**Q** 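So that we are looking at the same thing, I have put the structure below in C-alpha cells.
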Amino acid sequence: MTRAPRILVFDSGLGGLTVFRALAAQRPDADYVYAADDLGFPYGSKPEDEVKSLVLSALERLIADHAPDGVVIACNTASTLVLPLLRARWPKIPFVGTVPAIKPAAEGSRSRLISVLATPGTVARDYTRDLIEKFAHDREVTLVGSKTLAGLAEAFMQGESVADEAIAREIAPCFVEKDGRRTDAIVLACTHYPLLLDFFARLAPWPVHWIDPAPAIARRADHVLSERFPTHSVRDAAFAFVFTSGAPPAPRLLKTIEVLREKIARERQIKALA
Ligand code: DGL
C-alpha cells in the first residue's frame, strides 16, 4: 500500500517558502513540515563551520521529531556546503538541495553578461565557483553578495515596511554595462530573494530575467520521491510550520501561511476532481 510522503522543507528563515510554494503545487498530495531555523538566521554572513553545525543540529532535532520521507534544503547558503554531510549522516533519507541556477542563466543570456545575487557565504563558496566554471566559463559573471537582503526579506514577510532605497542599493551592482551590452539575466541565488521580486522588478535600472530556481527544485524533489511515493490520491494532508526558537509567527506571516494552506487545499481539490 502506498501513502503520501512527508516532506521537510528547511531554511534558515522564510526564504524557503518560495521553494515550498512550488513544491506544494507540484505535490499537493504530500504532507509538509516547513522549518525555519530562526535561531541560526542569518546563515549568509556566518563562517562555514558555524553554518555546518547549525544545520546539522537543527536537522538532528527536526528529523527526530518529524521522521520525514524526504528533505528539501531550501537554502543556497546551506546547500552549497552541507549536502554531502547530510547524505552521509542520514543515508536513507533523500535530500534535495537548492544551488545557484547558473546553467539556465548562462543558456538564456543573449548579452553574455549575467549576475548572481546571493548571500556573502554563497558567493564565496567553491561550489558556486565550480558551477560557473562548468556552465558559464564563456560568460562574464558578476557575483554580488548582499549582507542585508535576506534580512530585508524577513522583515517584509513579518509585515515591516522596507525602504526602496535599501533594496535598490543592494541590487545595483548586478547591473553591468560593457561594450554596448547590458546584464540580461540575474540568478536569485538565495531563496529569500524571490520574496522581494516585485521590488526588484520595479527598482531595476532596466528589465532583466530574474531566475528563480524554485519550480526546477520542486520537479527534482518530485522526481526523487516519486519512485517510492507515486502521486497519491488526494486527501486532507498536513502542513506544519515550525520555528527552531519555538516562537509563534507574526500576524502578517500567519496570513501568508494561511494563504499557502488554502492554495494547497485548492490544488488538492483540483487534483481530486481530475
Ligand atoms: N535563504 C538562504 C539562502 O538561500 C539565506 C539566508 C541567510 O542568510 O540565512 O541562501
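Heads up: numbering here begins at 1 and tracks the sequence. Both counts, for ligands and for their atoms, begin at 1 and track the order of listing. It should be emphasised that the depicted structure is a prediction, and the values quoted were computed from it without experimental measurement.
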**Q** Charged N to carboxylate O below 4.0 Å: is that the case for Arg252 and Glu160?
**A** no
**Q** May I ask whether Phe241 and Leu62 are part of the same hydrophobic cluster, defined by side-chain heavy atoms of I, L, V, M, F, W, Y residues being less than 4.5 angstrom apart, directly or through others?
**A** no
**Q** Distance under 4.0 Å to a non-hydrogen atom of Thr119: what atoms of ligand 1 satisfy this?
**A**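 Answer, ordered by atom number: 5 (C), 8 (O), 10 (O).
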**Q** Can you name the closest pair of heavy atoms from Val19 and Ile217 and give their distance?
**A** CG1-CG2, 3.9 Å
**Q** Identify the heavy atoms of Pro194 and Thr18 that sit nearest to each other, and give their distance.
**A** CB-CG2, 3.7 Å
**Q** Contact between ligand 1 and Gly13 is defined here as a heavy atom of the residue under 4.0 Å from a ligand atom; is it met?
**A**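 Contact absent.
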**Q** Identify, by atom number and element, the atoms of ligand 1 in contact range of Asn76, meaning under 4.0 Å from any of its heavy atoms.
**A**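 Once the distances to Asn76 are compared, the set is 3 (C), 4 (O), 10 (O).
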**Q** Counting both backbone and side chain atoms, is some N or O of Ala189 under 3.5 Å from an N or O of ligand 1?
**A**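 Checking ligand 1 against Ala189, no N or O pair falls under 3.5 Å apart.
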**Q** At a 4.0 Å cut-off, with the gap strictly under it, does some heavy atom of Gly15 reach an atom of ligand 1?
**A** no
**Q** I need the nearest protein heavy-atom contact for atom 1 (N) of ligand 1: residue, atom name and distance, please.
**A** His192 ND1, 2.8 Å
**Q** Judging by distance only, is a nitrogen or oxygen of Ser45 under 3.5 angstrom from one on ligand 1?
**A** no
**Q** Identify the closest protein heavy atom to atom 8 (O) of ligand 1: which residue and atom is it, and at what distance?
**A** Gly44 N, 2.8 Å
**Q** Among all protein non-hydrogen atoms, which one is nearest to atom 6 (C) of ligand 1, and what is the separation to 0.1 Å?
**A** Ser12 OG, 3.4 Å
**Q** Any sub-3.5 Å donor-acceptor pair from Trp206's side-chain atoms to Thr183's backbone N or O?
**A** yes
**Q** For ligand 1, which is the ligand I care about here, please tell me if Tyr43 has any N or O atom under 3.5 Å from one of the ligand's N or O atoms.
**A** yes
**Q** Below 30° counts as parallel, above 60° as perpendicular, anything between as tilted: where do the rings of Phe10 and Tyr43 land?
**A**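 Ring orientation of Phe10 relative to Tyr43: tilted.
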**Q** What residue and heavy atom of the protein are closest to atom 2 (C) of ligand 1, and at what distance?
**A** Cys75 SG, 3.3 Å
**Q** Do we see a donor-acceptor contact under 3.5 Å between the side chains of Ser245 and Asp38?
**A** yes
**Q** Do Asn76 and Thr122 meet the criterion of a side-chain donor-acceptor pair at a distance under 3.5 Å?
**A** no
**Q** Just to be sure I read this right, does ligand 1 sit under 4.0 Å from the backbone of Asp11, its side chain, both, or neither, counting only heavy atoms?
**A** side chain
**Q** We want to know whether Thr80 and Arg125 form a side-chain donor-acceptor pair, criterion being a heavy-atom distance below 3.5 angstrom.
**A**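 Result is yes, a qualifying pair exists.
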**Q** Going by the angle between their ring planes, with limits at 30° and 60°, are Phe41 and His192 parallel, tilted or perpendicular?
**A**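 Correct class here is tilted.
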**Q** Is Thr122 close to ligand 1, meaning an N/O of one under 3.5 Å from an N/O of the other?
**A** no
**Q** Against heavy atoms of Ala150, which atoms of ligand 1 measure under 4.0 Å?
**A**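 Contacts of ligand 1 toward Ala150, numbered from 1: 6 (C).
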**Q** Give me the nearest non-hydrogen protein atom to atom 10 (O) of ligand 1 as residue plus atom name, then the distance to 0.1 Å.
**A**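 The answer is Thr77 OG1, 2.5 Å.
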